[in-house]
Amino acid sequence: MSAQPVKVAVTGAAGQIGYSLLFRIASGALFGPDTPVQLRLLEITPALKALEGVVMELDDCAFPTLAGVEIGDDPNVIFDGANLALLVGARPRTKGMERGDLLSANGAIFTGQGKALNDHAADDIRIGVTGNPANTNALIAMSNAPDIPKERFSALTRLDHNRAISQLAAKLQVPVTEITKMTIWGNHSATQYPDLFHAEVSGKNAAEAVGDQDWLENTFIPTVAKRGAAIIEARGSSSAASAASATIDAARDWLNGSAKDDWVSMAVVSDGSYGVPEGLISSFPVTTKNGDWEIVQGLDIDDFSRGKIDASVAELAEERDAVKELGLIS
Ligand code: NAD
Ligand code: LMR
């Protein structure tokens, strides 16, 4: 095992997602069996007692890869030297809410955390935002961390990506491993656009393999886009284990690289690609290597896809304007 542990900061560590995420990171699911990990866990003060209990459980697992755990309520301390920060801590929505309704409740969390990351994280920091509304929270953190390259921030649309793969595999009765080049465009919200026109099933175009525009438009897209709400309706609380799993998938692929002849969906800062205004954190098809990402270029976007992407991006622009109005970004 290498001597220097990777320092992974996780916020909202005593929450639902944290309860699944921490154990997977500690067991080596993110960095493999040969890399020790130090967990640095942030919570609000009233949740520190519960977090102590979670740490007792982490201790009790005797994970060979867990090289230590620090907990606290001060982001300036917890983000100190962090190589990876997973920003999960934020209020989840409840029945009947859209994720954007959380902006005023959660947005302010990401100004202070952006500043603390700016001042204390390690030079190689990568930041993944899971807490909702994830894209705009990532925008807030990025805007408050002027010394961290903008490419180091991403928001989680990997859960939507995984949901889209799973729905398509079930429809075509194929293993999920046959599905490649899935893309989620836009916002992690009900306006997101899961795109089957560039996805492939066993190397063949997925939309053609489905051959059913009605299913694609009226079943597939809404099922994926509204899956979070369906889980809240069924479980009484929002997705947790699947969100933790997607948070791991996203970070692992970002750091280790996406598979050959495939890509992943990540919400990253736009450079204007595909007509998405520069500076918005929007989901794109990306390839990754060694902690860097590149937006896949040259995909043909037909009128149907254009309309869907534009609608989701318009919502992101509205969210950006709303957080400007709240004084959370300048
Ligand atoms: P939860 O309420 O169970 O846990 C959230 C935790 O965050 C709580 O323990 C809370 O004390 C903590 N917290 C609040 N403010 C904090 C702060 N300033 N610093 C540190 N910790 C803080 O919620 P959960 O189910 O774990 O979900 C967390 C967030 O993730 C929610 O916003 C939820 O909507 C979002 N989510 C996103 C995705 C996605 O795909 N992007 C998927 C599922 C959930
Ligand atoms: C999800 O997609 O499951 C999460 O974003 C939680 C939610 O509010 O839907």
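The model shown is predicted, which means the values in this text are computed figures rather than measured ones. Throughout, numbering of the chain's residues begins at 1 and tracks the sequence. Counting starts at 1 for both ligands and their atoms, in listed order.
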Query raised in the report: Taking only residues two or more places apart in sequence or in another chain, which ones pass salt bridge (Lys or Arg N to Asp or Glu O under 4.0 Å) with K115?
Result: none
Report task. Note the single closest protein heavy atom to atom 8 (C) of ligand 1, along with its residue, its atom name and the distance in Å. Result -> E43 OE2, 3.5 Å
Query raised in the report: Between E319 and N187, do the side chains contain an N or O donor and an N or O acceptor separated by less than 3.5 Å?
Result: yes
Query raised in the report: How far is atom 33 (C) of ligand 1 from its nearest protein heavy atom, and which residue and atom name does that atom have?
Result: N132 ND2, 3.6 Å
Query raised in the report: When you look at L42 and V10, which way does the side chain to side chain contact (heavy atoms under 4.5 Å, CB included) test go after all the steps?
Result: CA-CA 6 Å; L42 185 71; V10 179; over 6 Å; no
**Report entry** Closest protein heavy atom to atom 26 (O) of ligand 1, given as residue, atom name and distance to 0.1 Å
**Finding:** I17 N, 3.0 Å
Query raised in the report: Hey, does G12 come in under 3.5 Å of ligand 1, counting only N/O atoms on both sides?
Result: yes
Query raised in the report: For ligand 1, which atoms, with element, lie under 4.0 Å from some heavy atom of A14?
Result: 9 (O)
Query - Protein heavy-atom partner closest to atom 2 (O) of ligand 1 - residue, atom, separation in Å - result: P92 CD, 3.4 Å
Report task. Tell me, please, which residues at least two apart from N118 pass side chain to side chain contact (heavy atoms under 4.5 Å, CB included). Result -> A145, P146, D147, I148
Query raised in the report: Minimum heavy-atom separation for V210 to L168, with atom names?
Result: CG2-CD1, 3.6 Å
Name each N or O atom in ligand 2 that is under 3.5 Å from a protein N or O, and give the partner atom and the distance.
from: ligand 2; atom 1: 2 (O); to: R99; atom 2: NH2; distance (Å): 2.8
from: ligand 2; atom 1: 2 (O); to: R163; atom 2: NH1; distance (Å): 2.9
from: ligand 2; atom 1: 2 (O); to: R163; atom 2: NH2; distance (Å): 3.4
from: ligand 2; atom 1: 2 (O); to: H188; atom 2: NE2; distance (Å): 3.3
from: ligand 2; atom 1: 3 (O); to: R163; atom 2: NH2; distance (Å): 2.7
from: ligand 2; atom 1: 3 (O); to: S239; atom 2: OG; distance (Å): 2.7
from: ligand 2; atom 1: 5 (O); to: R99; atom 2: NE; distance (Å): 2.8
from: ligand 2; atom 1: 5 (O); to: N132; atom 2: ND2; distance (Å): 2.8
from: ligand 2; atom 1: 5 (O); to: H188; atom 2: NE2; distance (Å): 2.6
from: ligand 2; atom 1: 8 (O); to: R93; atom 2: NE; distance (Å): 2.5
from: ligand 2; atom 1: 9 (O); to: R93; atom 2: NE; distance (Å): 3.2
from: ligand 2; atom 1: 9 (O); to: R93; atom 2: NH2; distance (Å): 2.7
from: ligand 2; atom 1: 9 (O); to: R99; atom 2: NE; distance (Å): 3.3
from: ligand 2; atom 1: 9 (O); to: R99; atom 2: NH2; distance (Å): 3.0

Report summary line: Sorted by chain and residue number, the salt bridge (Lys or Arg N to Asp or Glu O under 4.0 Å) partners of R235 (sequence neighbours excluded) come out as none
Report summary line: atom 25 (O) of ligand 1: closest protein heavy atom, distance to 0.1 Å, is Q16 NE2, 2.7 Å
Query raised in the report: Only one of D160, T177, V176, V224 clears side chain to side chain contact (heavy atoms under 4.5 Å, CB included) with I165; which?
Result: V176
Requested in this report: Give a yes or no on whether a salt bridge exists between D249 and R252, defined as a side-chain N under 4.0 angstrom from a carboxylate O.
Outcome: yes
Report task. Indicate yes or no: does D310 engage R306 in a salt bridge with an N to O separation below 4.0 Å. Result -> yes
Report task. Just jot down the ligand 1 atoms closer than 4.0 angstrom to any heavy atom of A243, in number order. Result -> 42 (C), 43 (C)
**Report entry** Option with minimal heavy-atom separation from atom 29 (C) of ligand 1, where the choices are I78, V88, L48
**Finding:** V88
Query - Carboxylate-amine/guanidinium proximity below 4.0 Å for R126 and D292 - result: yes
Requested in this report: Would you please classify the geometry between the Y274 ring and the F284 ring as parallel, tilted or perpendicular, with 30° and 60° separating the classes?
Outcome: tilted
Query raised in the report: What protein heavy atom sits nearest atom 18 (N) of ligand 1, and how far off is it?
Result: I109 CG2, 3.5 Å
Query raised in the report: Any side-chain donor paired with an acceptor under 3.5 Å for S245 and R24?
Result: yes
**Report entry** Ligand-side contact atoms (ligand 1) for residue partner L156, heavy atom cut-off under 4.0 Å
**Finding:** 39 (C), 40 (O), 41 (N)
Query raised in the report: Does even one non-hydrogen atom of Q113 get within less than 4.0 Å of ligand 1?
Result: yes
Report task. Give a yes or no answer on whether the side chain of W263 reaches the backbone of M182 with a donor-acceptor pair at less than 3.5 Å. Result -> yes
Report summary line: closest protein heavy atom to atom 41 (N) of ligand 1 is T130 O, 3.1 Å
Query raised in the report: Which atoms from ligand 1 have a heavy atom of L159 less than 4.0 Å away?
Result: 40 (O), 42 (C)
Report task. Could you list which atoms of ligand 1 come closer than 4.0 Å to a heavy atom of R91? Result -> 31 (C), 32 (O)
Query - Heavy atom of G131, distance to ligand 1 below 4.0 Å - result: yes
Query raised in the report: How far is atom 17 (C) of ligand 1 from its nearest protein heavy atom, and which residue and atom is that?
Result: I44 CG2, 3.7 Å
Query - S283-Q192 side chain donor-acceptor pair, cut-off 3.5 Å - result: no
